Amino acid sequence: MQYQQILDTIKAESLIRSNTGEVASYIPELAKIDPDKFGMHLYCINSGHYGFGNEDERFSIQSISKVFSLTLAMTLLEDELFERVDVEPSGDPFNSLIQLEYENGIPRNPFINAGALVIADILVSAIENPKQKLLDFTRKITGNPTIDINPKVYDSEKKHSHRNASLLNLMKSFGNIKNDIETVLDLYIYQCSIEMSCRELATAFMIYANAGNTLSDNIQVISPRKIKRINAIMQTCGFYDEAGEFTFRVGLPGKSGVGGGIASIHPGQYAVTVWSPPLNVKGNSELGMYALERLTTLTGFSIF
Ligand code: GLN
């Protein structure tokens, strides 16, 4: 497959499109990002690295971190984890409170905020110093010890986390949060403030394309069975109330973040990441979705 040629075509096509998206502003620090940043990186199991643009510039991974926290939790726990968070698409925005009330505090899936907060609670119960452990886990699967958080983004979200605090309070009233709300919220905001580049994220996401193995360091991080399950949740829930649209247009499992990143995989083939900060109304990178749609169209391959 001529991946570099295909990526060059995607870049040329993308740059002449008018982007109607808007950079996230509800976390004030994110609003400062240059909306014209655009990078893409593809890491192929058989033939290595391809990319273009701002592929080496780190950005706020935000909700993409929910995949890493779920993965870490699944290395520590078995099926009992899914008694506290379901695996169904929500059809609602990522930060919605509505379903939680009539579904007794059990979030629909681990990739909406409520579900990721339950996972954070599970990590707080299961391990000492979960912030450092989650950061170390991210460094391990990326093979890069310099991965870190952006303290300004962390501080900024801390001051604007009322909605996530209300999700935690509501779930605690149903008994589905075991720890102190401030502690759980702190871990969640910390993980969202991790910064990675497209190249680093594609490298980390190789475990999802390669049955749980890092490929570069040949570390089996988690079992193929668990990877199958995480990929299934990415496919059905990775884009909130746009998960159907992403599956329809792109046809790969993936996860987005309000920093404008999307990480996606083709099992057995490659991991790919795009970064373009302007978001569509569902909170997913507008140009990122376009670029990935073109990737599966130009290669002629998706998982379907
Ligand atoms: N930190 C963000 C929030 O909780 C993450 C949301 C996202 O990336 N969709 O609102």
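Indexing begins at 1, ligand by ligand and atom by atom, following the structure's order. Predicted model only: the values in this text are computed from it and were never measured.
- Rounding to the nearest 0.5 Å gives a distance of 11.5 Å between OH of Tyr290 and CG of Asn19.
- Closest to atom 10 (O) of ligand 1 among all protein heavy atoms lies Tyr26 OH, 2.5 Å.
- Between Asp186 and Tyr154, the side chains place a donor N or O and an acceptor N or O closer than 3.5 Å (distance only, hydrogens not considered).
- The side chain of Cys192, and not its backbone, has at least one atom closer than 4.0 Å to an atom of ligand 1 (non-hydrogen atoms only; side chain from C-beta on).
- Of the polar atoms of Ser256, none of the N or O atoms is found under 3.5 Å from an N or O of ligand 1, judged by distance alone.
- Nearest non-hydrogen protein atom to atom 6 (C) of ligand 1 is Ser63 OG, 3.1 Å.
- Contacts with ligand 1 closer than 4.0 Å are made by no heavy atom of Ile64, backbone or side chain.
- Ligand 1 lies nowhere less than 4.0 angstrom from a heavy atom belonging to Asn95.
- For the atom pair Leu298 CG and Met1 CE, the distance stands at 10.0 Å (nearest 0.5 Å).
- Short contacts between ligand 1 and Gly257, defined as distances under 4.0 Å to a heavy atom of the residue, involve ligand atoms 8 (O).
- A salt bridge is defined here as a Lys NZ or Arg NE, NH1 or NH2 lying under 4.0 Å from an Asp or Glu carboxylate O, and Lys131 with Asp136 fails to meet this definition.
- Summary of contacts: the protein heavy atom closest to atom 2 (C) of ligand 1 is Gln62 OE1, 3.1 Å.
- The neighbour count for Phe301 CZ, taken as heavy atoms of other residues, nucleotides or ligands under 6.0 Å away, does not exceed 12.
- If you take CG on Asp34 and CZ on Phe59, they are separated by 14.0 Å, rounding to the nearest 0.5 Å.
- Asp148 and Arg58 are not joined by a salt bridge, as no carboxylate oxygen comes within less than 4.0 angstrom of a charged side-chain nitrogen.
- Here Arg108 does not pair with Glu88 in a salt bridge; the nearest charged N to carboxylate O distance is not below 4.0 Å.
- Proximity of Asn113 to ligand 1, defined as any heavy-atom pair under 4.0 Å, is confined to the side chain (atoms from C-beta onward).
- In this structure, the protein non-hydrogen atom closest to atom 4 (O) of ligand 1 is Tyr188 OH, 2.7 Å.
- At a heavy-atom cutoff of 4.0 Å, ligand 1 is contacted by the side chain of Glu157 but not by its backbone.
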